[in-house]
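Keep in mind that what you see is a predicted model, and the values were worked out from it rather than measured. Every chain is numbered from 1 and lettered A, B, ... according to where its sequence line falls, protein lines coming before strand lines. All heavy atoms count here, side chains included; hydrogens, waters and symmetry mates do not.
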Amino acid sequence: MKEILAELIASTIEKSYNNQDSSLKTDEIEALIEVPPNSDMGDYAFPCFRLSKVFRTSPNIIAQKLAENFSSDLARAEAMGGYLNLFLEREKFAKRIIDELKNKGERYGSSNIGNGKTICLDYSSINIAKRFHIGHLSTTMIGNSLKAIFEFLGYKTVGINYLGDWGTQFGKLIYAFKTWGNMDTLKEKGVDELTRLYIKFHEEAEKDPSLEEEGRKWFKAIEDGNDEAMSLFNLFKELTLKDAQRVYDILGVSFDSYHGESYYNDKMDRPIRELKEKNLLKNSEGASIVDLEKYDMPPCLILKKDGATLYATRDIAAAIDRHETYNFDKCLYIVAYQQDLHFKQVFKVLELMDYDFAKNMVHVAFGMVSYEGQQLATRKGHIVYLEDLLNRACEKALEIINEKSPNLENKEEIAMQVGIGAVVYTDLQNGRIKDIDFRWDRALNFDGETGPYVQYTHARACSVLRKAEEITGLYDVEEDYSALTDDFSQNLLRLISRFPESILQAADKYEPSIITRAMTDIAKAFNKYYYEQRIIDEDLSKTKARIILCKATKDVLKTAMSLIGMQAPERM
RNA sequence: GGGCUCGUAGCUCAGCUGGAUAGAGUGUUUGACUACGAAUCAAAAGGUCGUGGGUUCGAAUCCCGCCGGGCUCACCA
């Protein structure tokens with residue numbers, strides 16, 4: 001829409017100022033076009049302040065002159081305070097948007113700008129032996145959403161769950177299991193038992209610091225491939241993944257690779273050799289580092305005094321491996337902002353190693369989660385497990401369904417979709433950099449701007465469409481778009497017309513909340529429209545046009561929800 | 001102390017590549033179910049956009065200083 005208007009404005013400028021070089025190209029004009037704060041001021045507006053400098057005339061006069069010379073059957077123009085305000089010809093605009101929706105349906109807003117290029121996304125990345133809690137939700141859902149968004153835009157995506165499955169804590173866990181645990185309880189209780197053993201170890205180690213040494217010994221055994229150590233380690237991993245998989249299934253999240261830290265354990269020789277060859281490694285206090293002082297960063301530690309590798313070493317090896325395996329166009333790390341410096345260092349080291357792809361690596365950072373104002377702490381039990389949250393949200397949804405839709409079929413199934421929708425929506429509602437203070441009352445609120453609100457709107461639209469199917473003769477008439485020229489329909493259409501732009505922006509900024517907000521605005525506009533305008537009435541042609549708008553809204557909402565990772569029930 | 005980041009209504013946040021009267025939701029007060037779903041809609045009230053300068057025709061938005069919160073800064077990940 002903007003593109004067409006920009007061309008119209010460009011030719012109007014030319015006409016008004018006799019082909020003088022306006023110094024504004026069509027795409028510059030397009031970038032300047034904005035949406036007025038109020039719809040009384042038109043659908044789009046072109047500010048003339050920039051031109052005022054070029055032509056050395058007041059913006060008011062320019063706007064007036066442009067308004068006089070503007071002619072198009074698609075829109076009319078009005079000058080207002082230095083702005084050229086454009087009012088779209090309502091019926092034509094409606095037809096235009098609706099035609100596209102009819103054509104694309106739930107694919108509306110999709111494109112092939114990705115052109116099959118690959119994007120790797122590193123998200124969720126859970127730690128072995130820890131239960132999935134609310135602190136893991138953001139990385140999981142942001143990653144899941146970005147994956148969907150990029151696929152919708154024609155990219156190939158690779159979802160990577162970079163498991164935290166390496167480190168001395170696993171040695172400690174083996175010691176704890178052998179000392180205080182047994183196989184039956186472990187198999188019965190799974191990760192909960194691992195958590196108990198982990199806490200127990202730390203309690204005991206405070207009294208007897210020699211336990212730390214025992215932990216290190218057992219980790220060494222894992223490193224050396226000792227049979228007993230390995231079989232326990234693999235069992236811990238299996239139990240954790242089984243537990244996480246249950247959550248992933250509920251959330252509808254999946255991955256293409258589970259290569260974790262341990263996978264790279266024997267793949268670090270090469271990057272270390274390369275670092276040496278390129279003279280990047282420096283000895284400092286016995287450790288091997290890459291000096292980044294020139295770049296105003298602390299050094300990046302590659303090898304410890306004892307020669308052992310570190311987190312950064314593994315990330316560098318993993319990045320190189322991922323690029324070789326997938327030849328990615330971009331590699332996104334959806335990781336909390338605490339690790340900002342770490343990623344800056346890793347990306348810089350890769351750049352210094354002459355890996356061109358380093359500039360295509362992005363740390364998609366997000367805020368911290370606290371619980372009732374305090375830091376999450378497994379050991380203190382100050383924590384909310386995701387399954388508990390999801391269960392309570394689904395119970396709450398079921399209560400409301402029992403109250404409001406007692407005759408609904410598959411109540412449990414729909415309660416799940418709604419409860420999970422509420423949790424997912426809340427997670428992706430705000431800019432990802434914002435910290436989240438988890439509060440039960442907020443999490444279980446289903447009124448106002450929430451997941452259930454959007455789902456409800458979708459279900460409501462579905463309900464109208466079901467009603468419409470019963471109308472005889474509706475499909476024999478031609479739709480009359482003059483039924484969509486009122487303010488409420490137009491506002492809804494305007495928002496729908498801007499939805500594809502929101503998807504592009506969400507991808508560009510790695511910001512799913514842009515879609516959450518766009519779909520909420522559309523849902524709001526539909527609910528207003530629904531109250532103010534009768535959809536089904538005696539005039540079949542007009543009814544048909546309104547029904548088509550209803551279908552269009554439904555499709556867009558469903559698409560938006562799928563990009564966020566929410567289900568869209570047709571009844572609730 | 002250095003770096004990064006955030007500061008907008010009682011609360012949670014949009015708006016930030018400069019533009020028109022700073023917007024939502026929630027909470028509070030009030031109104032609307034005898035035709036399409038009240039998990040909805042409508043109305044009222046609520047603001048020194050942390051603060052002080054600067055740039056500009058124009059600043060919540062850009063630049064600098066300051067204040068306040070968070071994160072981070074060598075052998076954890």
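- Pair check for B/rA42 finds B/rU30; Watson-Crick or G-U wobble, both atom distances under 3.5 Å.
- Taking the ring centre of A/Tyr44 as origin, the terminal cationic atom of A/Arg498 falls inside the region bounded by 6.0 Å and 45° from the ring axis.
- Among the heavy atoms of the strands, none lies under 4.0 Å from A/Ala308.
- In this structure, B/rG1 and B/rC73 make a Watson-Crick or G-U wobble pair, each of the two defining distances being under 3.5 angstrom.
- Considering only side-chain atoms of A/Ile433, the nucleotide from B/rA20, B/rU5, B/rA14 that sits closest is B/rU5.
- Checked by atom type, the side-chain pair A/Tyr425/A/Thr520 shows a donor-acceptor distance below 3.5 Å.
- Between B/rG37 and B/rA43, the distance separating the two C1' atoms is 23 Å to the nearest Å.
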(request) List the protein contact pattern of nucleotides 23-39 of chain B with one symbol per nucleotide (5' to 3'): B for base contact, S for sugar-phosphate-only contact, - for none; contact means a heavy-atom distance under 4.0 Å. (result) -SSS--------BBBBB
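- The closest side-chain donor-acceptor pair between A/Ser489 and A/Asp486 falls under 3.5 angstrom.
- For the C1' atom pair drawn from B/rG54 and B/rA14, the interatomic distance equals 28 Å after rounding to whole Å.
- Nucleotides B/rU55 and B/rG65 have their C1' atoms positioned 15 Å apart, rounded to a whole Å.
- Set against B/rU12, B/rC6, B/rA20, the side chain of A/Arg442 has B/rU12 as its closest nucleotide.
- A/Ser284 comes within contact range of at least one nucleobase, with a heavy-atom separation under 4.0 Å.
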